[in-house]
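Please read the structure below before turning to the comments.
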Amino acid sequence: MATADSERTYGNWRRPASPGIGELGLLGTLLVLGGLVACVITMMVSLRAALILAAVLAFVLAPMLLLRDRHGRTGLQIAVARLSWLRGRSSGRHLYRSGPLGITHRGAFQLPGLAAASHVLDATDSRGRDFGLIVVPATGHYTAVFEASVEGAALVDGDQVDTWVAHWGQWLAGLAYEPSLVAATVTVETAPDLGTRLRREVADNLSPDAPDLAATVLNDVVRTYPAGSAQVSTRIAVTYAANLRSGGRPRSAEAMTREIATRLPGLTAGLSMAGAGACRPMTSAEIAEAIRIAYDPASHRVLEAARSGGEPVAQPRDHIGPAAAQESWDHYRHDSGVSVTWAMSEAPRGEVLAPVLTDLLAPHRDVTRKRVSLLYRPYDPGSAARLVERDRKDARFRIGGANAAARDTVAVAAADQSAREEAKGAGLVRFAMLVTATVPRLEDLPAAVAAIDTLAPSARVRLRRMYGAQAAAFAAALPLGLVLPDHLRIPAFVRETM
């Protein structure tokens, strides 16, 4: 909402709550009720045994279901994460070695973890533009990546920013009507500017007959401008599923390539209206180069130097992964970089202004490479209608009674507003955020962590360090088309009840 004397604000983000008693959720409520039934049945046989059973259930369930940390995770979730990490570490899954002395097939430098079996197909869209299509066989997902030339909000009128935001909202809402589209990812990456592109541009356009003063000024600019400057890259990935319905027969790679090729022009046109500038699909070589630099930041200088010399280095599909990687509980080492990844555990409360993420997205001197990824999973219109109505009923159930908390009252108002907006045609999208900070040495990691901890409050988001899942979170923040919920062993309906 906005008035003539105020800026437009945004908000009303909601996390759907599972129905249940208090903060237990549906799963915790069922466990408690089951334990009570067991105690009643045991009481018919022995009162002492029933009391012992009740004490055991209270001792086990109370810490697991009632105790929560500041990120909303229950003791059960924390215990499962710790046990999974210990199990993976004992089997050596935290270590990765590739190349001639590694364990990969034919000495290839494959991607580790969830992206190990992925590969890229070359295709051409309906406008004749070449693009790469990332295939993840484990989930049957096909991902196309766009590169945007974002104009930025500097010296831009507020009305223009509002127009961009409106078109961005329409683009996200339109994803729900894209057949078989399951996810979209927006990645903003900042890295040191090596100056090779500026040097190449000046060298190609400098006239040999230019005055000495002009040539001297340009040479000084080429020498001094890259110092302290940053290179900002924006990439958007859209992921489609080969299965039209659960349990159905997956479509072939040829069919998926043809379908996605016809949809890319419309998607890029919508992004251009949302302030993405000249948006185009990335080729397989460009995708491979971006992934290679993410896992081996030191290769950025070599690849940029080759590109400035007019001889770009071709990256084979099986040589873009790291030669070595080691996952620790709180960080991830990969070739020439050390990274830490955070996940958003709570969206901004209340209303925020459009530039709320500016500081988080901007380059920072203590973080060599920073990657902020927004992950979207749209609901289809039918599921969105059912979800907002269920969330509305759950919110009203929690407010029952005269002593309702103020937060529950606000939740009911927000749920009612979401239901009204969905009934008017608005889309419903699940979203998450991953933030990755990469530095060249382990000694530089504390300063980078402190920088992200400082930037998060200015963005009004709460970030949680991805303990025990650094490798998977690092890969999910890349434009690889990895939809993490589809790789989990716990079914979605079980996770929603916790």
Side-chain angles (χ1 to χ4, degrees), residues 94-104 107-116 187-197 226-233 235 285-309 312-342 363-373 434-452 465-466 470-480:
H94 66 297
L95 299 175
Y96 177 77
R97 299 294 183 269
S98 62
L101 301 180
I103 59 175
T104 55
F109 294 89
Q110 296 178 349
L111 292 174
L114 300 178
T187 302
V188 179
E189 183 176 5
T190 59
D193 192 346
L194 304 179
T196 54
R197 294 182 301 169
S229 60
Q231 176 182 349
V232 181
S233 303
R235 303 182 181 96
E286 292 172 337
I287 295 174
E289 181 176 327
I291 301 305
R292 167 70 188 282
I293 293 175
Y295 278 99
D296 185 13
S299 63
H300 186 197
R301 185 175 298 277
V302 178
L303 297 176
E304 280 290 334
R307 186 184 296 275
S308 64
V313 179
Q315 297 292 313
R317 297 174 182 176
D318 56 350
H319 281 70
I320 62 176
Q326 181 171 341
E327 181 182 13
S328 299
W329 175 250
D330 58 352
H331 67 273
Y332 182 50
R333 302 194 65 172
H334 47 90
D335 278 3
S336 58
V338 184
S339 299
V340 175
T341 302
W342 293 260
H364 196 281
R365 63 178 184 179
D366 292 330
V367 184
T368 306
R369 305 185 72 91
K370 178 160 57 67
R371 194 162 40 251
V372 180
S373 297
L434 293 175
V435 180
T436 300
T438 301
V439 292
R441 299 175 303 175
L442 189 61
E443 295 79 10
D444 301 328
L445 203 58
V449 172
I452 299 298
R465 202 161 173 172
M466 296 295 289
Q470 288 290 317
F474 180 89
L478 296 173
L480 283 172

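Predicted model only: the values in this text are computed from it and were never measured.
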**OP:** Could you pull out all residues at least two apart from S328 that satisfy side-chain contact (heavy atoms from CB on, under 4.5 Å)?
**Re:** D330, H331
Original post:
Under the salt bridge (Lys or Arg N to Asp or Glu O under 4.0 Å) test, which residues partner D335, sequence neighbours left out?
Top reply: none
**OP:** To the nearest 0.5 Å, tell me how far I293 CD1 sits from S299 OG.
**Re:** 5.5 Å
Original post:
Can you check whether P100 reaches F109 side chain to side chain, under 4.5 Å on heavy atoms?
Top reply: yes
Subject >> For D366, side chain to side chain donor-acceptor pair (under 3.5 Å) partners two or more places apart >> reply: none
**OP:** Evaluate the criterion side-chain contact (heavy atoms from CB on, under 4.5 Å) for residue pair K370 and T438; output intermediate values, then yes/no.
**Re:** CA-CA 6 Å; K370 178 160 57 67; T438 301; over 6 Å; no
**OP:** Could you pull out all residues at least two apart from R365 that satisfy salt bridge (Lys or Arg N to Asp or Glu O under 4.0 Å)?
**Re:** none
Subject >> Counterpart residues, side chain to side chain donor-acceptor pair (under 3.5 Å), relative to R465 (two or more places apart) >> reply: none
Subject >> Verdict with reasoning, I320 to Q110, per side-chain contact (heavy atoms from CB on, under 4.5 Å) >> reply: CA-CA 6 Å; I320 62 176; Q110 296 178 349; over 6 Å; no
**OP:** Considering non-hydrogen atoms only, spot the tightest contact between V439 and A448 and give its length.
**Re:** CG1-CB, 3.7 Å
Original post:
Quick one: side chain to side chain donor-acceptor pair (under 3.5 Å) partners of S373, sequence neighbours excluded?
Top reply: T187
**OP:** Fit a plane to each ring of F474 and H334, take the angle between them on a 0 to 90° scale, and name the class: parallel (under 30°), tilted (30 to 60°) or perpendicular (over 60°).
**Re:** tilted
Subject >> Heavy-atom check, side chain of W342 versus side chain of I452, under 4.5 Å >> reply: yes
**OP:** Taking all non-hydrogen atoms of both residues into account, name the closest pair between L434 and A473 and its distance.
**Re:** CD1-O, 3.8 Å
Original post:
Which residues pass the ring pair (Phe, Tyr, Trp, His ring centres under 6.0 Å) test with Y96, sequence neighbours left out?
Top reply: none
Subject >> Stepwise side-chain hydrogen bond (donor to acceptor under 3.5 Å, both in side chains) check, T436 with T341 >> reply: CA-CA 4 Å; T436 300; T341 302; 3.1 Å; yes
**OP:** Write out all pairs satisfying salt bridge (Lys or Arg N to Asp or Glu O under 4.0 Å) with one or both partners inside residues 436-445, taking only residues at least two apart or from two chains.
**Re:** R441-D444
**OP:** Kindly say whether A298 contributes a backbone atom to a donor-acceptor pair with the side chain of S336 at under 3.5 angstrom?
**Re:** yes
Subject >> Residue list, side-chain contact (heavy atoms from CB on, under 4.5 Å) with A115, at least two apart or on another chain >> reply: L111, S118, L480, L482
**OP:** Report the residues that fulfil side chain to side chain donor-acceptor pair (under 3.5 Å) with E189, sequence neighbours left out, ordered by chain and then residue number.
**Re:** R235, R369, R371
Subject >> R97 side chain near Q326 side chain, heavy-atom distance below 4.5 Å >> reply: yes
Original post:
Roughly how far apart are W329 CH2 and M466 CE, rounded to 0.5 Å?
Top reply: 10.5 Å
Original post:
Should P440 and T368 count as side-chain neighbours, where that means a heavy-atom distance under 4.5 Å?
Top reply: yes
Original post:
Are any side-chain N or O atoms of S98 and backbone N or O atoms of P322, one a donor and one an acceptor, separated by less than 3.5 Å?
Top reply: yes
